[in-house]
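As the structure is a prediction and not an experimental result, all values here were calculated from the model.
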Amino acid sequence: MNKRGSLAIFFCLVFAALVTVFGVWLQAVTLRVHETDIARAMSAQIQTHLASYDRNLYEEFGLFGFKQDTADCQVFKSCLPDALQNLPLTIQARDPVLDQDILRLQIIRHMKARVPMVYLDDLAGRIRQFSAGLPDVQSSGAIQPAKVLTHYSAGSRTYRRMNTVLLSESDITGSLAGILQAYLQDVPGTSVESTAKTLFGNIMEDLQEKILFELKKQYRQYASSIAGVSLSEPDSALLDQMPDFLDPGNLTAAAGKLDKLLSFDTSPVYEKLCLTEYVMGYFLPRVTVKTDQTGTTPLKLLDGRDCSRLTGQRPGEIEQILTGLDNPETAGSVIRLYLVGIRSVIQLAALLTDESRMTSIRATAAAISAAIAAISAGSAVIDPELLAYLLAGGKAIAAGFSDCSRLLAGKGVALWPGNNKSSLQIWYQDFLRLFLLLTPQTTLLERCGALVAKVLPGSFYTGILVATTYRGRNYQLEGGYSS
């Protein structure tokens, strides 16, 4: 009986200890489960706010931001079990969109992959404009129209027609080109190819590979120094094979690889280009059309909206950013004054370097000086050279006003004045882009934020902090578009 009583007491003590241990363990597990539920509910509340970004802000300016009172704040409680329904919730919006650092990061992230496309599109437009102006140059007699050689087929290879531009007014008849055309236009392509291989071997292929290698090398050096792109080769996993578009895992992996390629560090120069093109792509200028040899075309924003349809609602925004003035008319007048000054200086420089025009101006100045001396009986004598420079300055200012009028009408002017019809043309938008590049980055960010607040009043945020209290402990979770 003593032994049985001792065992009973021992088991009671052990059982009490085990109950205590299991009770503590059960409470710890319950606490961890509730903490997991709280974290999941807080994450859902943050995702709800981030998903409730303002559509107008994104459509108008390409920026992500939400208002604190637009999201459903009951998501937190709806994600909690019944035992945690009475938990308090504190929501605090952080990181305003119009803060300069936040705005700069959003603009760079939005534009760094778009800037090369913008410049390529602008280059293609200038090439089309230059090609459209070539008939005017050819009609002047400087360059004869192209002679077209008949195209022919050889086996599976089809040779396109080739244009030969002659630099003289004489016809190709009797010339070397005419003789070659007469003898070679009916030669099969296979014969030409085999003869070229016999004469040159693989020299042309090696030269082509070398040229492509040098071009690739120069481009990667440019991308590394200006855009901050890594010099490492692209991920072969993204380029070797196309992903299975029905497999979510493959799509997620491909999106991750693509995001890695686009997530490169930017240099200050590239950041300034991103900011400049952002202003040109999302804010309205005073001039909303562009006229060239191909006709008059309306300018469009980066998202494809027609500027002429929006100018009544948001007139002269880029001019306001450049000048810091709230009145569009006053800002436009200031930019017009800048244009007149720049074009007058260019016109004056072109005039002073043109010997024939300066000779004519000096002759006119000498005649005027002699006439004044004769009328005043020699009492008023003006130096002819000084008078010539005054006349040249007057002509340059008049030409500057004329160029400014053309620019404000959407027409282009020659970068360097002259009679050459094939000279490089520049438009009003090119001057705006130049002014933006010369404006400090902090100034542009501040004025862009002011215009965004003017168009879309209210406070927008990019980050949020959610906090609650459970069993005397504080729990916080923070998220945002940049995290």
State whether [X] and [Y] are salt-bridged, where the test is any N-O pair (Lys NZ or Arg NE/NH1/NH2 against Asp/Glu carboxylate O) under 4.0 Å.
X: Asp69; Y: Lys67; answer: no
X: Arg114; Y: Glu277; answer: no
X: Glu60; Y: Arg305; answer: yes
X: Glu271; Y: Lys112; answer: no

Taking C-beta and beyond as the side chain, do [X] and [Y] meet within less than 4.5 Å on heavy atoms?
X: Pro417; Y: Arg343; answer: yes
X: Ser459; Y: Tyr461; answer: yes
X: Thr442; Y: Gln100; answer: yes
X: Leu275; Y: Gln441; answer: yes
X: Glu317; Y: Glu319; answer: no
X: Gln45; Y: Ile91; answer: yes
X: Leu477; Y: Ser43; answer: yes
X: Asp292; Y: Lys411; answer: no

Once the angle between the rings of His110 and Tyr58 is folded into 0 to 90°, is it parallel (under 30°), tilted (30 to 60°) or perpendicular (over 60°)? perpendicular
Just verifying a value: how many Å separate [X] [atom1] and [Y] [atom2], rounded to the nearest 0.5 Å?
X: Thr323; Y: Ile318; atom1: OG1; atom2: CD1; value: 11.5 Å
X: Leu444; Y: Arg104; atom1: CG; atom2: CZ; value: 13.0 Å
X: Met117; Y: Asp122; atom1: CE; atom2: CG; value: 13.0 Å
X: Met358; Y: Leu352; atom1: CE; atom2: CG; value: 5.5 Å
X: Ile321; Y: Glu446; atom1: CD1; atom2: CD; value: 11.5 Å
X: Gln429; Y: Met280; atom1: CD; atom2: CE; value: 6.0 Å

Qualifying residues under ring pair (Phe, Tyr, Trp, His ring centres under 6.0 Å), relative to Tyr470, sequence neighbours excluded: His34
Working note: Phe283 + Val452, criterion side chain to side chain contact (heavy atoms under 4.5 Å, CB included); need CA distance, chi angles, decisive distance, verdict. CA-CA 10 Å; Phe283 294 93; Val452 171; 4.2 Å; yes
Just to verify, what does Arg40 make a salt bridge (Lys or Arg N to Asp or Glu O under 4.0 Å) with, not counting sequence neighbours? Asp37
Under 3.5 Å, is there a donor-acceptor pair between the side chain of [X] and the main chain of [Y]?
X: Thr353; Y: Ala350; answer: yes
X: Thr462; Y: Asp95; answer: yes
X: Thr439; Y: Phe435; answer: yes
X: Asp430; Y: Trp427; answer: yes
X: Arg406; Y: Val413; answer: no
X: Lys272; Y: Leu437; answer: yes
X: Gln92; Y: Val466; answer: no
X: Tyr481; Y: Leu50; answer: yes
X: Arg314; Y: Val455; answer: no
X: Tyr278; Y: Phe61; answer: yes

Restricting to non-hydrogen atoms, name the atom on [X] and the atom on [Y] that form the minimum distance, rounded to 0.1 Å.
X: Gln85; Y: Leu80; result: NE2-O, 2.9 Å
X: Ala453; Y: Leu98; result: CB-CD1, 3.7 Å
X: Arg473; Y: Glu35; result: NH1-OE2, 3.5 Å
X: Thr469; Y: Leu87; result: O-CD2, 3.2 Å
X: Asp354; Y: Ser356; result: OD1-OG, 2.8 Å
X: Gln347; Y: Gly400; result: CG-N, 4.2 Å

Quick one: list whatever passes side-chain hydrogen bond (donor to acceptor under 3.5 Å, both in side chains) with Ser402, sequence neighbours left out. none
Show your reasoning for whether side chain to side chain contact (heavy atoms under 4.5 Å, CB included) applies to Leu465 and Ile46. CA-CA 8 Å; Leu465 184 141; Ile46 291 176; over 6 Å; no
Less than 3.5 Å apart, any donor N or O on the side chain of Thr288 or Ser308 sitting next to an acceptor on the other? no
Side chain to side chain contact (heavy atoms under 4.5 Å, CB included) between Leu322 and Tyr338, worked out: CA-CA 11 Å; Leu322 288 172; Tyr338 291 164; over 6 Å; no
Under the side-chain contact (heavy atoms from CB on, under 4.5 Å) test against Ile107, which residue among Leu445, Ile102, Val279 passes? Leu445
Please say whether more than 12 non-hydrogen atoms of neighbouring residues, nucleotides or ligands are located less than 6.0 Å from CZ in Arg309. no
As a quick check of understanding, evaluate side chain to side chain contact (heavy atoms under 4.5 Å, CB included) for Tyr119 and Leu273, giving each step before the final call. CA-CA 10 Å; Tyr119 286 137; Leu273 295 179; 3.5 Å; yes
What about the rings of Tyr53 and Phe66, do their centers lie closer together than 6.0 Å? no
